[in-house]
Amino acid sequence: MYTAHPDRYADMPYRRTGRSGLKLPALSLGLWHNFGPDRPVETQRAILRRAFDLGVTHFDLANNYGPPPGSAESALGEALKADFASYRDELVISTKAGYLMWPGPYGEWGSRKYLLSSLDQSLTRMGLDYVDVFYSHRPDPETPLEETMGALHTAVRQGKALYVGVSNYSPEQTREAARILAELGTPLLIHQPRYSMLDRRPETSGLLDTLDELRVGSIAYSPLEQGLLTGRYLDGTPEDSRAASDSPFLNSDAVTEELVGKLRDLDEIAKSRGQSLAQMALAWVLREGRVTSALVGASSPKQLEDSVSAIGNLDFGSDELTRIDKIVNR
């Protein structure tokens, strides 16, 4: 029988999400990879238990996480039943719908039909009555935004979600989504963009400025750039790495000599801060408090512990930030 650590809230910082009353841990656990039938069940449960013991109260999913699609939610459902039944009110659990989940015209994108059906399926897989946050995972170019946001509003009205968010929306789409939701009476809580030292689009597109203006929270996914910022690629592409497997999210062509040189120089800055490259990359995303939380994945409890250690030094000097920018932009 799992019993949570009594000091689980001692060290993790919690940040208010936009103008809401909800606080999220600086680091949240993403179940995008490493949760499915191809991973040992005990390892998955050990990661979740260790996360909660470290104050990571937010578990982030989507309907299609796995593989296969749906398996991450099913794995979490089993863990919730086995280990976290008495801790449900201490957890923030989020899921999303938008990418392909089942065949036919109703199995992806942003229609009311798809979103609400998907949420019902997600709740069944996780054994939950509600999720804390339900996201539109991507904008639908063919469905009116009023319909997509209306479906999110309905999920809240039905008691199946407490808050709603969007992911992968442009600044303009985010602004319009927030306007529609405000008129319906369900505020936009949070945006989940891809953001890292190597991917500055939330800055350059004006998304972070838009979220600041709207007082909407943000949670960054891929802050370690699919593993490039973990230090595994300082000597090129390891044979057992994601890039070597030609993953659809990272392939070997991306690991150029120029990139490896940048990673080595960034690693030198991290060492001077007493951090690993991965820890510095997470700290960089969380700098200045503009980002509410950063999503990390983990293949083991030890890897998760290493990531959480980043919270020990979230401050950067102006000279460090300037050096990082010069390296990344050269």
Side-chain angles (χ1 to χ4, degrees), residues 4 7-31 51-61 87-96 130-136 149 152-153 155-156 159 161-169 171 174-175 177-196 202-203 205-223 279 281-296 307-316:
D7 295 330
R8 56 190 175 276
Y9 296 114
D11 298 318
M12 176 63 67
Y14 296 87
R15 297 178 170 186
R16 188 170 299 279
T17 311
R19 60 179 177 179
S20 77
L22 181 68
K23 292 183 177 180
L24 292 179
L27 291 175
S28 299
L29 180 64
L31 278 68
F52 191 55
D53 284 345
L54 291 170
V56 178
T57 54
H58 179 209
F59 300 156
D60 178 81
L61 301 98
Y87 299 108
R88 173 63 183 98
D89 292 336
E90 295 184 50
L91 292 171
V92 173
I93 298 172
S94 61
T95 196
K96 315 175 196 72
Y130 71 95
V131 291
D132 296 275
V133 188
F134 183 47
Y135 288 87
S136 168
M149 295 303 107
L152 297 185
H153 170 66
V156 173
L162 300 185
Y163 302 93
V164 299
V166 297
S167 181
N168 301 306
Y169 277 52
T174 301
R175 189 179 300 279
R179 183 193 66 79
I180 294 168
L181 285 168
E183 290 181 354
L184 292 171
T186 297
L188 177 62
L189 173 80
I190 194 167
H191 188 299
Q192 187 172 131
R194 180 167 179 158
Y195 184 42
S196 74
E203 295 176 10
S205 70
L207 177 62
L208 292 182
D209 291 336
T210 298
L211 298 179
D212 287 344
E213 179 186 338
L214 296 174
R215 296 178 67 192
V216 169
S218 60
I219 179 166
Y221 75 87
S222 294
Q279 290 165 349
L282 293 170
W284 183 91
V285 166
L286 293 167
R287 75 196 187 287
E288 300 170 353
R290 295 191 78 186
V291 170
T292 312
S293 185
L295 281 166
V296 295
S307 293
V308 171
S309 294
I311 64 175
N313 185 8
L314 298 180
D315 296 325
F316 287 82

Where is the tightest heavy-atom contact between Ser222 and Ser196, given as atom of each residue plus distance?
O-CB, 3.6 Å
Do the non-hydrogen side-chain atoms of Thr174 and Leu188 ever get within less than 4.5 Å of each other?
yes
Steps toward side chain to side chain contact (heavy atoms under 4.5 Å, CB included) verdict (Val92, Lys23):
CA-CA 9 Å; Val92 173; Lys23 292 183 177 180; over 6 Å; no
Under the salt bridge (Lys or Arg N to Asp or Glu O under 4.0 Å) test, which residues partner Asp11, sequence neighbours left out?
none
Under a plain distance cut-off of 3.5 Å, with no hydrogens placed, do Asn168 and Tyr221 share a side-chain donor-acceptor pair?
yes
Residues Met149 and Val166: closest non-hydrogen pair is CE-CG1, 4.0 Å
I'd like to check the salt bridge (Lys or Arg N to Asp or Glu O under 4.0 Å) partners of Asp132; sequence neighbours left out, ordered by chain and number.
Arg88
Side-chain heavy atoms of Thr95 within contact of Phe134, under 4.5 Å:
yes
Using the six-membered ring wherever Trp is involved, compare the ring planes of Tyr169 and His191 and label them parallel, tilted or perpendicular (cut-offs 30° and 60°).
perpendicular
Might you point out which heavy atoms bring Phe59 and Leu61 nearest each other, and give the distance in Å?
O-CD1, 3.9 Å
Do Phe316 and Glu288 come close enough that some side-chain heavy atom pair is under 4.5 Å?
no
Backbone of Ser218 reached by a side-chain donor or acceptor of Thr292 within 3.5 Å:
yes
Using the side chain to side chain contact (heavy atoms under 4.5 Å, CB included) rule, take Arg290 and Asp209 through it: C-alpha gap first, then chi angles, then the decisive distance, then the call.
CA-CA 9 Å; Arg290 295 191 78 186; Asp209 291 336; 2.8 Å; yes
Determine the minimum heavy-atom distance between Leu152 and Ser136, stating which atoms define it.
CD2-N, 4.1 Å
Under 3.5 Å, side chain of Ser293 to main-chain N/O of Pro25, donor-acceptor pair present?
yes
Side chain to side chain contact (heavy atoms under 4.5 Å, CB included) partners of Thr210, counting only residues at least two apart:
Pro171, Arg175, Leu214
Gap separating the CG atom of Leu22 from the OG1 atom of Thr17, nearest 0.5 angstrom
4.5 Å
Under 3.5 Å: donor-acceptor pair, side chain of Tyr87, backbone of Ala4:
yes
Residues in side chain to side chain contact (heavy atoms under 4.5 Å, CB included) with Arg19, at least two apart?
Arg215
Rounded to the nearest 0.5 Å, the CG atom of Leu31 sits from the CG atom of Leu295 at a distance of 10.0 Å
Say you draw a straight line from CG of Asp315 to CZ of Arg287; how long is it, rounded to the nearest 0.5 Å?
12.5 Å
Flag the pair Thr57 / Met12 as yes when at least one side-chain heavy-atom distance between them is below 4.5 Å, and no otherwise.
no
I'd like to check the salt bridge (Lys or Arg N to Asp or Glu O under 4.0 Å) partners of Arg15; sequence neighbours left out, ordered by chain and number.
none
Could you tell me whether the side chain of Leu207 reaches within less than 4.5 Å of the side chain of Pro193, counting heavy atoms only?
yes
If I compare all heavy atoms of Ile190 with all of Ile219, which pair ends up nearest, and what's the gap?
CD1-CG2, 3.6 Å
Indicate whether the side chain of Ser94 and that of Tyr163 have a donor and an acceptor atom separated by less than 3.5 Å.
no
Pairs involving residues 178-191, ordered by first then second residue, that meet salt bridge (Lys or Arg N to Asp or Glu O under 4.0 Å) (sequence neighbours left out)
Glu176-Arg179, Arg179-Glu183
Do you know which two heavy atoms are closest between Leu29 and Val56, and how far apart they sit?
N-CG1, 3.6 Å
